[in-house]
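Protein chains get the first letters and strands the later ones, always in sequence-line order, with residue 1 at the start of each. If you're wondering where the values come from, they're calculated on a predicted model, not measured in any experiment.
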2 protein chains.
Amino acid sequence: MPAQTTKPTKRDQLIDAALELFDAGGFHATGIDAIIARAGVAKMTLYKHFGSKEELIVAALDRQSEDALACMKSKIEASSSDPEERLLAIFDIAEKQCADKGWRGCAFLRASGEFGDLDCAVHAAAANHGARMHEFVSQLCSDAGVTNPACLAQQLLVLHTGAIASAQIAGGTDPVCSARTSARILIDATRAAG
Amino acid sequence: MPAQTTKPTKRDQLIDAALELFDAGGFHATGIDAIIARAGVAKMTLYKHFGSKEELIVAALDRQSEDALACMKSKIEASSSDPEERLLAIFDIAEKQCADKGWRGCAFLRASGEFGDLDCAVHAAAANHGARMHEFVSQLCSDAGVTNPACLAQQLLVLHTGAIASAQIAGGTDPVCSARTSARILIDATRAAG
DNA sequence: TGTATACTAGACTGACCTGTCTGTTTATTT
DNA sequence: AAATAAACAGACAGGTCAGTCTAGTATACA
């Protein structure tokens, strides 16, 4: 093994392809055949790694969640040392995402919309990401010395979710900018009451 | 004709059935056959009134938009005469919706998620509802004597959308209550800034 | 009463879907 | 070199999908 870069497993290739195609076309509308074609993998390989399309969707969402959180953490780490600025950075990150041409919206929101059944594993995967985000933002609030971190975190996350959802429907980044302004007001209000 | 209640047209029956089934199972996952069965209507009747499934979806979303706005207007009319309370009432309405067992989320948000193509008529129908909501809430803000009604309206709508989207993913009404608290803070801040 | 219109039931087409099966080839390990 | 495991291509089954077609029935209007 000459290089440190381990070549991607078939499993990873499948998840990569699935994420791209689900993102472009939705979950129900994207077929297995298209996924294996893009991944360059045989159908039986897919069904060896994942028992069903639903399992693949769940695995893809789980990895998307890990990637998104890791990406967010590193960007926030690099953004500023001021804890309040770090809180606002989640909106800057969202703004860049929404500005991207071809941005189709939040995968977790779309998954929860397509798989409405709350007991469904796909819906649960989306809900898990929400919980992880709340945990992360609560920590950021805690670092900022807020009295009730979980409460402010929820307020900011509702704002964040709304910004992304509104941008998904309307296009553009206006909702995100608006949300950033609101976020600052909410943070200040919490500090003042604190 | 003894009664004033005109019997519903086949078209209306189809839209009613479609809204119920789309709400329960999503747009792609709900088949034409299920819709006509629930509506008690022949398939050819559907294709006489609507040229395609997509047209039916658009018509259903358009009527949902009209109904939702009319319902919201009448409830707000009946809620309070204080303009600030009327603004907050949109969150009370959302809270009652989310509390309903079997609530599956916002139809427009789900539609925009399933039909990602911005040029698609379905996506446009969802975006139209967003624009109508903004117009309506801007008027409420204007009635409240706010300096920049469109700006506060967008802030409140991002909050409103985020509350509904978060509730769709996580279940429960916590995000809506949190959003209501945030809304009051944003309104006060706007007033203070005058 | 005759005619046009709206609706009905259901068969049908062709495409696409998920998931399975088979037999072959490649890669790794012993 | 032999054996084991993984991945291959592609046919196949069984089902569902959107949408069309046909032929018959009910309803309203002249």
Short side-chain donor-acceptor distance under 3.5 Å, B:Ser178 and A:Gln155:
no

Rounding to a whole Å, what distance do you find between B:Leu46:CG and C:dA9:P?
13 Å

Between C:dC17 (P) and A:Leu56 (CG): distance, integer Å
15 Å

Shortest non-hydrogen contact from A:Leu21 toward A:Ala34
CD1-O, 3.4 Å

For A:Ile32 and D:dC12, what is the distance between atoms CD1 and C1' respectively, to the nearest whole Å?
17 Å

Between B:Lys48 and B:Lys43, which has a closest nucleotide on DNA chain C that is more 5'?
B:Lys48

Let me know the distance between CD of A:Glu54 and P of C:dG19, rounded to the nearest Å.
9 Å

Is there a side-chain polar atom (N or O) of A:His49 under 4.0 Å from OP1 or OP2 of D:dA6?
no

To the nearest angstrom, the CZ-P distance between A:Phe27 and C:dC17 comes to 16 Å

Of C:dT18, D:dG10, C:dC7, the nucleotide closest to the side chain of B:Thr45 is C:dC7

A:Tyr47 side-chain proximity, nearest of C:dG19, D:dC8, D:dG19:
C:dG19

What contact category does A:Thr9 fall into here, base, sugar-phosphate, or nothing, at under 4.0 angstrom with non-hydrogen atoms?
nothing

Nearest 0.5 Å please: distance from the CD1 atom of B:Ile15 over to the CD atom of B:Gln64.
11.0 Å

In whole Å, what is the span from the CD1 atom of B:Ile36 to the P atom of C:dA6?
19 Å

From SG (B:Cys106) to NE2 (B:His129), nearest 0.5 Å:
6.0 Å

C:dT8 phosphate, OP1 or OP2, under 4.0 Å from B:Lys10 side-chain N/O
yes

To the nearest Å, give me how far apart CE (A:Met44) and P (C:dT24) are.
16 Å

How long is the line joining CG of A:Asp33 and P of D:dC8, in whole Å?
15 Å

Close aromatic pair by centroid cut-off 6.0 Å: A:Phe115 and A:His28
yes

How is B:Gly40 classified with respect to the nucleic acid when contacts are heavy atoms under 4.0 Å: base, sugar-phosphate, or nothing?
sugar-phosphate

Side chain B:Lys53 and base D:dG19 donor-acceptor under 3.5 Å
no

